[in-house]
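Here is the structure we will look at, set down as structure tokens.
Convention: sequence-line order gives letters A, B, ...; per-chain numbering from 1. All values reported here derive from a predicted model rather than from experimental measurement. Computed over heavy atoms, backbone and side chain alike; hydrogens, waters and symmetry mates excluded.
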Amino acid sequence: MNLDKREIIAKRAAEELKPGSIINLGIGIPTLVTKFINPDDFFIHTENGLLGMKELESDEEFDPLIVNAGKMAVGEEIGASYFDSATSFSMIRGGHVDVAILGALQVDENGQIANWAIPGKNILGVGGAMDLLSGAKKVIVSITHTAKDGRIKLVKECDYPITSLRAVDAIVTDLGFFERVDHEWVLKEIMPNSSLEEITKNTEFHFKVDQDIN
Amino acid sequence: MNLDKREIIAKRAAEELKPGSIINLGIGIPTLVTKFINPDDFFIHTENGLLGMKELESDEEFDPLIVNAGKMAVGEEIGASYFDSATSFSMIRGGHVDVAILGALQVDENGQIANWAIPGKNILGVGGAMDLLSGAKKVIVSITHTAKDGRIKLVKECDYPITSLRAVDAIVTDLGFFERVDHEWVLKEIMPNSSLEEITKNTEFHFKVDQDIN
Amino acid sequence: MDKLKTAKEAIQQVQTGNTVMVGGFGLVGAPLTMIEELTKHEAYDLTIVSNNVGEEGKGLGKVLRQGKIKKAIGSYFTSNREVGTLYNEGKIDVQLVPQGTFSESIRAGGAGIGGYYTKTGAGTKLAEGKEEKIMNGEKYVLEEAIKGNVAIIKADKADTLGNLQYYKTARNFNPVMATAADFVIAEVDEIVDVGELDPESIVTPHLYVDVVVRSRYQLTKEGVVELG
Amino acid sequence: MDKLKTAKEAIQQVQTGNTVMVGGFGLVGAPLTMIEELTKHEAYDLTIVSNNVGEEGKGLGKVLRQGKIKKAIGSYFTSNREVGTLYNEGKIDVQLVPQGTFSESIRAGGAGIGGYYTKTGAGTKLAEGKEEKIMNGEKYVLEEAIKGNVAIIKADKADTLGNLQYYKTARNFNPVMATAADFVIAEVDEIVDVGELDPESIVTPHLYVDVVVRSRYQLTKEGVVELG
């Protein structure tokens, strides 16, 4: 299988998931994670009111009234359940979702992320991002290491408005895998075709390098 | 039909109900109200999680897992629905119950009632009384005018702990019918076999007498 | 005791200056027939409580273009960027709320809860000016209940009493909105006799519903279609 | 991924000093099998969150007589007057809560809400010492979320994933308690295969449930019976 950059990131994020987990996937790269997990091993929660989402497997399955948080048509897994939005966010805020995989515009040295507003643009939307950060047991950010224009995303301090006071737990990019250990970022893994130099050059925040790294 | 004192009170309370109303009935005399209404015209809500309660009509209908707030077996009306306790009390607090008919130990000149605690007794129970007072659109108190030992229930000021800051809207007793008008009690009706003298003698709080009273 | 009305009869409840809740996640579970009727109705200066305010020129987006919306309360207007443009031009008011807070505040409105403390948004721009409280060592923000004069919601089935059931993810905000307005209009695809809905599976009991309207516009595999 | 356990295996989760939520309105919807198991279990100093704490010497009343309960949180202990007696003797702590506040605080615990303002109880003895707030001209009182270490609930049916459905008014506090504890044990009368429960009619989705136990004691027309 020939994977593009976004798929490589999604595949690596998928490896972080423990079988049996309840997972919520943000819009963008996180959505691709479903391609790399065995649907029988995981339960996908979508905040618009479904536990047990799966990818559409055929045209016949298409139902315009079954969608994910990105308003894309999805399928219903065996054992699924539907509920209203208030109940769905109670699950999120109440700590009943094991892992949220999210996109981000910036992640900073404190682990805080910015992913809901870009100053000066006429986009007014926050959706469920703040709720997922406040409630999911573990948050993994899955992003390209830098923006298309080269802008660095792993910054000293977010200059876009932050999404939550809560620090995320891990970052998966096309260059490396970082984990939050004792309130610091630790580079745990260098992705194939990347190097410590490349990561260092493209990362503003301070990070430690795991001693086991090869 | 030969009615006892409690039934007379329940029957008079039933006359206050408008067809189509959502009604919640407290334990004791209020429970008897169902005998005097056409079940097709009303919807009885019970706070343990049922809208559309009815009296048991036969032994076959008896189901130990369908009970009212007094834990008595009841029946299920056509068009009924079941829900959990949090949802049930959301209906009550949120103002979706039209009328609550409640018992009381005391009702005072401000319209406040006491019906949940007796100082010095080892009874610890409040149940749904405070919620019904905080949320029902209309509250009717249905009680015998005085206690068995002659103690006056319609008092100047409750000396038992009050149930709510909210004033109730009406009182039905075996002697009279009172309504709250402009923050005052008005005697609107003298029950058969009673008299203004008897009511006055057995009532501590100040009340006006409706001009239309015969 | 039949609550069935036409869309035109039902829309008369919406008055100029009202706060109107409108269900749906995008077009999914949106009351398309009643929204269409709203575009023909004269009421204006509306505060619309809706997750998205439709799309550009579509659904509630049409009502927005008519200039009838004074204020929008929702969580994701990204799907209709005209909301952002009008806001930046000072032509409408916007209250942007995290989606969980949006649905929880509506639930609170319907449940007689004045306000509640949530961690969501605490310490962010969206919590500015709001009361904060430290509980168990964590920062919470006080959010107030949201209520409406009228709620226009979409369900799948109603019985003639107004008991409702929903369909799949078209459920979304509809059940909470049904609880939080003085007057509730439920647009439904199917109306059945009382007793046909399983009492254990009714999602919105009839005490929440004032009027039932049969849908004329539905979202199908072929997109939005008008029924003959 | 089968969550089925015996009552004895399941009860091991309850540790001395724990806060344990127990569903049921009186005996209706009470997890009778697990309560029986609790009487045989060694854990003590328990805080019990339950509407009634059973009846005198029955259900949780048996656990009370064993001296294992340190504190009871509920709304109506009138059904078991021994609670009042022990409280007056200073032998147990009691937190008496209006029934709506009881269920709402448990819901809040499960929904990540730190606390909320309700009119219920405001200005009464039960609001003494609690924070008050005037909202829209009315007095509200701040109530805090209630959470548990373990919840022991009763449902009618479970599938092997732990999705739950309830039966009639045996639903009561069980669905909210299922959301508000670190570990949730669901006692059920019937276990079915995954896919047999209608996805629209599942009341407690499986993400709330850790263990499913088959009931041995059930409340029937003949009273509480032990199944063969």
Side-chain angles (χ1 to χ4, degrees), chain A residues 17-24 37-54 61 63 65-66 74-100 128 130-138 164-166, chain D residues 1-3 21 103-116 144-149 151 155 157-166 171 175-184 186 191-212:
Chain A
L17 302 174
K18 292 196 190 78
S21 300
I22 313 292
I23 299 158
N24 185 295
I37 57 176
N38 179 348
D40 295 343
D41 286 350
F42 298 95
F43 304 102
I44 304 181
H45 174 270
T46 177
E47 60 261 40
N48 51 313
L50 165 59
L51 175 65
M53 183 201 105
K54 63 167 189 176
E61 265 189 6
D63 182 332
L65 299 179
I66 309 181
V74 294
E76 167 192 313
E77 195 60 83
I78 293 174
S81 52
Y82 293 95
F83 29 82
D84 67 66
S85 303
T87 304
S88 189
F89 280 95
S90 295
M91 295 173 181
I92 293 171
R93 266 192 327 260
H96 306 284
V97 169
D98 296 314
V99 186
M130 290 186 177
D131 301 284
L132 284 160
L133 276 158
S134 81
K137 284 186 202 151
K138 183 174 184 176
S164 174
L165 294 174
R166 182 245 178 100
Chain D
M1 225 172 290
D2 196 311
K3 295 177 177 172
M21 298 188 163
S103 49
E104 186 69 14
S105 291
I106 297 168
R107 180 195 175 273
I113 302 299
Y116 60 92
E144 288 181 22
I146 299 176
K147 294 185 75 167
N149 300 104
K157 283 186 196 176
D159 66 20
T160 50
L161 286 179
N163 286 309
L164 305 179
Q165 284 179 343
Y166 300 86
R171 189 183 300 201
V176 281
M177 288 183 173
T179 70
D182 301 330
F183 195 89
V184 176
I191 298 169
V192 300
D193 285 339
V194 176
E196 284 193 33
L197 303 180
D198 173 12
E200 306 272 13
S201 305
I202 288 168
V203 176
T204 296
H206 64 75
L207 87 180
Y208 290 118
V209 179
D210 296 289
V211 158
V212 173

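Summarising the geometry of D/Tyr208 relative to A/Ser90, their closest heavy-atom pair is OH-C, 4.5 Å, with the distance given to 0.1 Å. The shortest non-hydrogen separation linking A/Ala86 to D/Arg107 is O-NH2, 4.4 Å. Counting all heavy atoms, side chain and backbone alike, D/Leu161 lies closest to A/Phe43 at CD2-CZ, 3.6 Å. When all heavy atoms are compared, the tightest approach of D/Pro199 to A/Glu76 is CG-OE2, 3.4 Å.
The residue among D/Gly112, D/Ala180, D/Gly195 with the most heavy atom pairs within less than 4.5 Å of chain A is D/Gly112. Taking chain D as the reference chain and counting heavy-atom pairs below 4.5 Å, the highest number among A/Ile92, A/Ile22, A/Leu51, A/Val97 is found for A/Leu51. Annotation: maximal heavy-atom pairing with chain A below 4.5 Å, among D/Val194, D/Leu207, D/Asp159, D/Asp198, occurs at D/Leu207.
With hydrogens and angles disregarded, a donor-acceptor distance shorter than 3.5 Å links the side chain of A/His96 to the backbone of D/Gly110. Formation of a donor-acceptor pair under 3.5 Å by the D/Asn163 side chain with backbone atoms of A/Gly79 is found in this model.
In D/Lys147, the NZ atom is not crowded: 12 or fewer heavy atoms of neighbouring residues, nucleotides or ligands sit closer than 6.0 Å. Few gaps surround CD1 on D/Ile191; more than 12 heavy atoms of other groups in view lie less than 6.0 Å from it. When the shell of 6.0 Å around CD of D/Glu200 is examined, it contains more than 12 heavy atoms from other residues, nucleotides or ligands.
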